[in-house]
Amino acid sequence: MFSKPLFKQSCKANLGLWSFVTVITCIILAVLVLVIGNLNVGAVSKGMVDLFVKDSVEASIKKESLTYFNMTDEALVNFDDSTQELDQLLNVSLSSMQKKMIVTQFNSLTSQGKSPEEAKTAVLSMLTGDVKMAISAFLDYYILMGENYDKASINQYVLTLIEEEIYNQILESNGQEMALSAKLFIHQAVNDYLSYSQNSEQAKSPSIFATGYIPNILKEVFIIQEFENQGEIIKVSDYFDKEQLGDISLEVIISYRGQIEYKSAQLKNELMMQNPELGEEDIEILLSQALAEEKINYINSLSGSLLDELPSDISSSLQELGNMDMGELVIGSMFFKMAGILLPIVYIIMASNNLISSQVDSGSMAFVLSTPTKRTTISLTQMAYLVFSLFAMFLCTTIVGLVSLAIAGGSISITYSQMILLNLGAFVTMFAISGICFLTSSWFNRSKLAMSIGGGLSMFFFVATILGLFGSPTIPSMMRVGAMDVFNYLSIITLFDCLSILAGTTAFIWKGAILIAIGIVCFAISIFKFKKKDLPL
């Protein structure tokens, strides 16, 4: 079933072609690995990733700073206004006698078994207008704080109300953990604001205080933060130090304040011109409502990242390009699916033709068959040579690839095991194509027919693979032409799944099994056809 003399004859006849293809393919692979290693394209890709990550971190810092500044500024303004109003009510508007009478009436009702809310409702039932609102506010204070009307008690009461209001707002939109964090933050901010107001000779200004306070606090928080990006833990401290974080926060807050102040003055003038009949208080209410939306727009504008400012398709393409491993792209996909298989395909076309159809066409097959050698032995021996020569070829490229990776010294992300699997996948692909070419060589008696059909199919698969590459996920989306993906379904080379090998998935296994099956079926038909067909001997 196997003829050693015929095998040796085939080796000698095709040695030159095999050596040329093998040497050139190995040289191309070695040059690619070493050149890409020296260019350190991985560092270029990492640099792009770092740029996007740093920009994203900076945008996050700006947004957090503006969000906390807004929340703190509004809370402090609210605190100042509320404490002044409450102090006016408790210590100026209501006399001691009035407060005593209200408390006595309220306590009398609670002693009769009424709840504080029921007692409060009963006290207010006979009142109307501003008096009713004033007494309601007084009772709310009394229920919580008692008959302590000093400044510290008023501050504590107002702070409690502000904390609860902020907690409820954040709870609804961001959850309990964020709400509790915001509540604690505002509690500390108001207390620090009070301390600052007592010890500073300057007049109190919530905005000025918050402008300096937020960067100093948040830089301590930001510096220890970390997050996940593409499966990697990113630390903020890898990109910024405390002073840089503080500067970023301060700069964006100052810019934000300037824009809001300018917009506030502009909107106020417009509202006054459009509503001359309204008083100052009504204008301020309308202004506050109009500024609420403007503040959101300014925050989004000032805290936008580089990628946010670009169109979504370009932004995603740049991110994809930055995350792409150029070593894997060039070696894993372009070499092993184009340059690395072109010459082997040429070898397969020519060698398959030389092994069967060329000998039939030239008449030399008659001398082989004049010996006791059977047709099945001839086809099996020639098939064995073709498969063995391909295996030897890719064994050489595997060795060269591994040596080149070792010389590159880890500057390329492709591992030794991936290099072995890529060469194995290329061999399996060539095994399937060699089966097709060997089948046409065994089927046709004319060499030109065998080469035109077998070689034509092989080159069609190769060209379709090149065209399909521009529509595959291998190519960055900004350069990808989706319509060309149809060519990937017209070539068996597509079953050589380099992306699966490089990604560490198992899809390449079943696709490789299909290629092996194609090769086995074609070789089996070749042997049967050569055994049964009429030869022009």
Side-chain angles (χ1 to χ4, degrees), residues 10-45 324-355 385-434 437 455 458-459 461-463 465-466 469 474-475 491 493 496-499 501-502 508 515:
S10 298
C11 290
K12 291 179 181 179
N14 295 283
L15 179 61
L17 178 61
W18 181 90
S19 300
F20 174 80
V21 170
T22 303
V23 170
I24 296 300
T25 304
C26 289
I27 289 175
I28 294 174
L29 177 58
V31 169
L32 278 177
V33 173
L34 295 176
V35 167
I36 291 176
N38 289 332
L39 289 177
N40 202 10
V41 292
V44 176
S45 178
M324 183 170 290
D325 190 307
M326 298 303 293
E328 292 184 355
L329 173 64
V330 175
I331 297 173
S333 295
M334 293 186 177
F335 173 79
F336 279 101
K337 297 196 79 170
M338 290 194 295
I341 62 173
L342 174 59
L343 290 178
I345 288 177
V346 173
Y347 167 76
I348 289 171
I349 295 171
M350 298 183 68
S352 297
N353 179 68
N354 293 339
L355 292 174
Y385 164 75
L386 185 58
V387 174
F388 174 78
S389 63
L390 284 173
F391 179 79
M393 181 184 296
F394 284 99
L395 179 62
C396 292
T397 59
T398 301
I399 294 172
V400 170
L402 294 175
V403 172
S404 300
L405 284 179
I407 295 174
S411 57
I412 299 178
S413 61
I414 295 178
T415 64
Y416 294 116
S417 60
Q418 287 174 336
M419 178 63 74
I420 293 173
L421 288 175
L422 287 169
N423 279 280
L424 179 61
F427 165 71
V428 169
T429 306
M430 293 302 99
F431 174 78
I433 292 178
S434 66
C437 290
S458 301
M459 294 311 297
F461 291 150
F462 179 75
V463 173
T465 300
I466 295 176
L469 186 67
T474 302
I475 299 297
S491 172
I493 299 176
F496 176 22
D497 197 343
C498 298
L499 293 180
I501 294 173
L502 296 173
F508 73 93
L515 289 171

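In what follows, residues are counted from 1 in the order of the sequence shown. What's counted below: heavy atoms across the whole structure, side chains too, no hydrogens, waters or symmetry copies.
Between the OG1 atom of Thr397 and the CD1 atom of Ile399 there is a distance of 8.5 Å, given to the nearest 0.5 Å. Between Leu390 atom CG and Phe431 atom CZ the span is 9.5 Å, to the nearest 0.5 Å. Here CD1 of Ile420 is found 10.5 Å from CG of Leu395. Values are rounded to the nearest 0.5 Å.
Ile414 places none of its side-chain heavy atoms less than 4.5 Å from the side chain of Val33. Between Phe496 and Ile501 the shortest side-chain heavy-atom distance falls below 4.5 Å. Between Leu422 and Leu502 there is a side-chain heavy-atom pair separated by less than 4.5 Å. With a 4.5 Å cut-off on side-chain heavy atoms, Leu386 and Asn14 do not count as touching. Residues Met419 and Phe336 are in side-chain contact: their nearest non-hydrogen atoms beyond the backbone lie under 4.5 Å apart.
When atom types are taken as modelled, the side chain of Lys337 and the backbone of Thr465 share no donor-acceptor pair closer than 3.5 angstrom.
Within the structure, side-chain hydrogen bond (donor to acceptor under 3.5 Å, both in side chains) pairs that include any residue of residues 22-31 do not occur (at least two apart or interchain).
When every heavy atom of Leu34 is checked against every heavy atom of Ser404, the shortest pair comes out as CD2-O, 3.8 Å.
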Table please: side-chain donor-acceptor pairs of residues 340-353 below 3.5 Å, with sequence neighbours left out.
from   : atom 1 : to     : atom 2 : distance (Å)
Tyr347 : OH     : Tyr385 : OH     : 2.9
Tyr347 : OH     : Ser389 : OG     : 2.9
Ser352 : OG     : Ile348 : O      : 2.7
Asn353 : OD1    : Ser357 : OG     : 2.7
Asn353 : OD1    : Ser447 : OG     : 2.7
Asn353 : ND2    : Ser447 : OG     : 2.9

